[in-house]
Amino acid sequence: MRKFFEPESVVVVGATHKTGAGAFNNVECMLRYGYKGRIYPINPNTSEICGIKAYSSILEVPETADLALISVGRDRVMPIFERCVQAGIRRVIIISQGFADADRRGVELQEQIAVLARENGVRVVGPNTIGTLNNFLHFTTGFVDLPIPEKVYPISVVTQTGVILVASSGFTYKSWGKAIDIGNSCDVDFVDALEYFADDPDTKVIAVHMEGIKRGREFLEIASRIALKKPIIVLKTGRSKAGAEAAVSHTGSLVGEDDVFSAAFNRAGIIRVKDGSELRDAVHSLLFLQEMEGPRLGVISVTGAGGIMSADACEDFELALADIPPGLPEKLTEGIPEWIHITNPIDIWPVGMIGGNFREVYKEAMTDLLKSPDVDGVLVIIIAPSSPLHATDYVAEVVAAARRETGNRKPIAMCIYMDSASSTIDQCESIDAVACFDSIEQAVRGLSFCHRYHQIRRRKFPSPKSFSFNRQHVDASLTKGRDQKILLEEDALCLLAAFGIPVARGIVAASMEELIAEAENFTYPLVLKLAGAAFVHKSEWGGVITGIGNVDGLRNAFHKIVDNVRLRDPDVRIEAFQLQEQAKGLELLFGLKQDTQFGQVIACGMGGIYTEVFRDISRELVPVDRMQAEKMLKTLKMYPLLTGVRGEEAVNIEALLDVLERLSFLAAIIPDIAELDINPLIAAVDGCKAVDARIVW
Ligand code: ADP
Ligand code: MG
C-alpha cells in the first residue's frame with residue numbers, strides 16, 4: 001500500500017498533451033502540486049508532455065515504475081493493464097469509469113481486471129477512482145488542480161468518492177495528510193486501506209466515507225485493533241431500510257441494513273457520524289484532544305446565556321456539568337458584592353468586570369478546573385475583540401499557562417468569538433489538547449466524541465458464556481428446520497428450550513377431542529392458537545384466544561378460531577391447534593438476524609403486536625456477554641418498565657440477561673439461522689417465558 005502513497009516513479013497512461021484550463025491533465029496537476037518523483041507519460045502521439053519525455057508504450061519506459069495510472073476509455077483499460085503487468089508494474093490505479101458503476105459489460109470488465117491482478121500479484125485501486133493523495137509529499141493522482149495546503153495534519157481519509165478527496169475543507173476543518181478513493185474497489189478496499197493506515201506514522205485519525213462494504217468481518221477485525229490506538233470515524237451514507245422489507249420475522253423487519261452497520265461499528269469501536277458536520281467535529285476533536293476520561297465538564301463563560309447553552313448541549317450529547325471545585329467560588333468572589341454567585345458553568349464576566357482583573361479570574365477558574373479530580377474536560381466561551389480598548393492576548397496565554405502549571409492533558413474545547421478570533425484560535429490550537437469550534441454545541445459535541453473514544457479504548461471485548469444443551473433435541477430440530485426452512489410454534493419453542501431458554505408449556509393437537517384430553521395435563525387459564533405453516537402470523541387470522549378458564553371456554557375458543565379463519569378464507573385448511581399455558585407479564589421481543597456482511601445480529605426490545613410501531617429495540621453483533629446484554633436492556637426506552645414504575649414490581653432482569661446470553665450462544669452453535677424471533681417472551685417477577693417463536697433458515 002505504501003507505494004500507492006509514496007511512489008518514486010509513476011507511469012501515466014492516457015495523459016493528454018493538452019494543458020491549461022479544461023485539459024484535466026494528470027501530469028500537469030502532479031507537477032503543479034509539487035510531486036518530486038519521476039513521471040513517465042505514455043502517449044504515442046507526442047514526444048513530450050509538460051516538458052517531460054513521453055513514451056509511446058509502457059514497455060519502453062526505462063525503469064519498472066512503482067505505480068501506473070490509467071485513465072483511458074473503459075474498453076482500452078484491459079489491454080493497457082495487461083501491458084502494465086507485462087512491464088512488471090505492481091501497483092495500478094485505474095481512474096476510468098464505466099465498470100461496476102455502469103452496466104453488465106462494465107461488471108465483466110472489472111472482474112477480468114480483478115482476476116488478472118490476483119493472478120499476477122498486482123494491486124489495483126479503482127476503477128472509477130480519483131486515486132490517492134499524499135499531502136506530506138505533495139503527491140496527487142487526481143486530475144484536479146489542487147491548492148497546496150499550508151499546513152498538513154495527520155488525518156487520513158478513505159472514501160468511495162473522488163469529490164470528498166479534493167474537498168478537504170468540506171469534511172474536516174484542517175487539511176488532511178493522506179487520502180484514498182477506493183472507487184469500485186475491485187481489489188484494494190477498506191480493509192487494505194485500514195491495514196496501511198494502522199501502522200502509518202503520518203496517521204493519527206482515520207476518517208472513512210462508506211457507501212457499502214464487501215469484506216465486513218475483516219473490516220471489523222482490523223478496525224477493532226486499530227481503534228485501540230487511533231480513532232476511526234465513519235460516515236456511512238445511504239441509510240437505506242434495505243433488508244427490512246423482505247423479512248419474515250419481526251426481528252427481520254426491525255433490524256434493517258443500517259441498524260446492522262451501527263451494531264457492527266459499535267462492536268468494532270468505530271465512531272459513526274451521521275452527517276458531514278458531525279464528521280468535521282469528530283475529526284477535529286479527536287485530532288487535537290483525543291480522549292476525555294469522564295463525562296464531567298467544567299465551563300468558563302463570559303456570558304450567562306452561553307453557560308445555559310452549554311448545559312443544554314451537555315444533555316444532548318450525554319455529557320454532564322461537573323461540580324464546581326471546592327474553594328473556587330470563594331476565591332473568585334473575594335471582595336466582590338455578595339449577590340454574585342459562582343457555580344458551574346462559571347460566568348466570569350461579572351466577577352472580572354467588577355473586580356477589574358478579568359485575566360486573573362479567567363486564569364484561576366481555568367487552573368482550578370483543570371486541577372480538579374471532579375472535572376474531565378473544560379469548555380471555554382470567550383471573546384477576542386481586536387479593539388485597542390480590550391486586550392486579547394491573554395485568551396491563549398492563560399490557557400497555555402494553566403496547561404503548563406497543571407501538567408495534565410484534559411481536553412479544552414474553546415468557542416472564541418469576535419473579530420480577532422481567527423488568530424487567537426491559531427494560538428490556542430498550538431497548545432496541547434486544545435481545539436476551537438464554531439459553536440457551543442459543536443464544542444460540546446466534539447468533547448462527547450473524545451469521551452466516546454476514551455470508552456472505546458477502555459472497552460472490554462465480550463467474553464461470552466457457553467451453555468450445555470440437549471444435543472439430541474437440537475439435532476432433531478435442526479434436521480426439521482433445515483428441511484422445512486422454517487420452524488413455528490412448538491417446534492421453534494422446543495429448539496429454544498433445548499438451549500435452556502424458558503418456554504411456556506404447550507402441545508399441538510389436530511382435533512377438539514384431543515385438545516380437551518390434553519387440557520387435563522395443564523393448569524388453566526390456557527391459550528388456544530392456530531398452528532401450521534399456513535398461519536405464520538396467527539393473530540392476523542383471529543387465531544389466538546387467551547384467558548380460557550375451563551373446558552367450555554376451550555370449546556368456544558376452538559369454534560371461534562375456526563369461524564375466524566373461515567371468515568377470512570373459506571378454503572384454507574386448518575391442520576392443527578396449539579394449546580398453551582397462559583403467562584402474565586410484560587411482552588418482550590428477542591431475536592436474531594443473519595447479515596451477509598457481519599454475521600448474526602441479536603436484538604431485544606418491546607414485544608407484542610405493536611413492536612413495529614414503537615420500534616424500541618437494541619441490537620448487537622453476536623456474541624454478547626452479560627455486560628453487553630445489560631447494556632442492551634438498559635438502552636431500551638422501556639427499561640424503566642422492566643425495573644418497575646409507579647410502585648410496580650420489577651421483572652426478573654437476571655432471567656432476561658440469561659436469555660440474551662443463551663440466544664447468543666445458540667446463534668454461535670447454529671450459524672445458518674437466517675431469522676429468529678421470540679415474540680413475545682413474557683417477563684414477570686419470577687422469571688420469563690417464551691410463548692411464541694419462529695425460526696427461519
Ligand atoms: P402471533 O405472533 O402469531 O400473532 P402469538 O402467539 O405471539 O401469535 O400471540 C399473539 C399475542 O397473544 C401475544 O402477543 C400475546 O399478547 C398473546 N399470547 C399468546 N400466547 C400467550 C400466552 N401463552 N400467554 C399470554 N399471552 C399470550
Ligand atoms: Mg407472536
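One-based numbering, in listed order, for ligands and for the atoms of each. This structure is a prediction, so every number in the text was calculated from the model and none was measured.
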Which bit of [X] gets closer than 4.0 Å to ligand 1, counting heavy atoms only: side chain, backbone, both or neither?
X	value
Glu587	side chain
Arg694	side chain
Ile682	side chain

Do any N/O atoms on [X] end up under 3.5 angstrom from N/O atoms on ligand 1?
X	result
Thr546	no
His250	no
Asp692	yes
His537	no

Would you call [X] and [Y] a salt bridge, using N to O less than 4.0 angstrom?
X	Y	value
Asp552	Arg555	yes
Arg215	Glu221	no
Asp692	Lys538	yes
Lys214	Asp189	no
Glu293	Arg457	no

| query | Should one rank Lys529, Arg505, Glu489 by closest heavy-atom distance to atom 6 (O) of ligand 1, which comes out on top? | reply | Lys529

| field | Option nearest atom 4 (O) of ligand 1 (shortest heavy-atom distance, choices Ala693, Ser539, Gly607) | value | Ser539

| Given Arg272 and Ser262, is the side chain to side chain donor-acceptor pair (under 3.5 Å) satisfied, shown in steps? | CA-CA 7 Å; Arg272 181 177 189 174; Ser262 285; 2.7 Å; yes

| query | With ring centroids as reference points, do Phe265 and Phe261 lie under 6.0 angstrom apart? | reply | yes

Heavy-atom contacts with [X] under 4.0 Å: which atoms of ligand 1 show up? List them by number with element.
X	result
Asn679	7 (O)
Gln582	23 (N), 24 (N), 25 (C)
Val536	3 (O)

| request: Answer yes or no: does atom OH of Tyr524 have more than 12 heavy-atom neighbours from other residues, nucleotides or ligands under 6.0 Å? | output: yes

Does ligand 1 have an atom under 4.0 Å from some heavy atom of [X]?
X	answer
Ala583	yes
Lys689	no
Glu540	no

Shortest protein contact, [atom] (heavy atom only):
atom	value
atom 3 (O) of ligand 1	Lys538 N, 2.8 Å
atom 12 (O) of ligand 1	Val544 CG1, 3.6 Å
atom 22 (C) of ligand 1	Val527 CG2, 3.6 Å
atom 21 (C) of ligand 1	Val691 CG2, 3.7 Å

| task | Measure from the Mg ion (ligand 2) to every N/O/S atom of Asp692 and report the name of the nearest one. | result | OD2

Mark yes or no for whether [X], through its side chain, and [Y], through its backbone, hold a donor-acceptor pair below 3.5 Å.
X	Y	result
Arg568	Glu540	yes
Asn128	Asn184	no
Tyr453	Gly269	no
His454	Glu291	no
Gln578	Val508	no

| message | Just checking: Asn679, one of its N/O/S atoms, less than 2.8 Å away from the Mg ion (ligand 2), yes or no? | response | yes

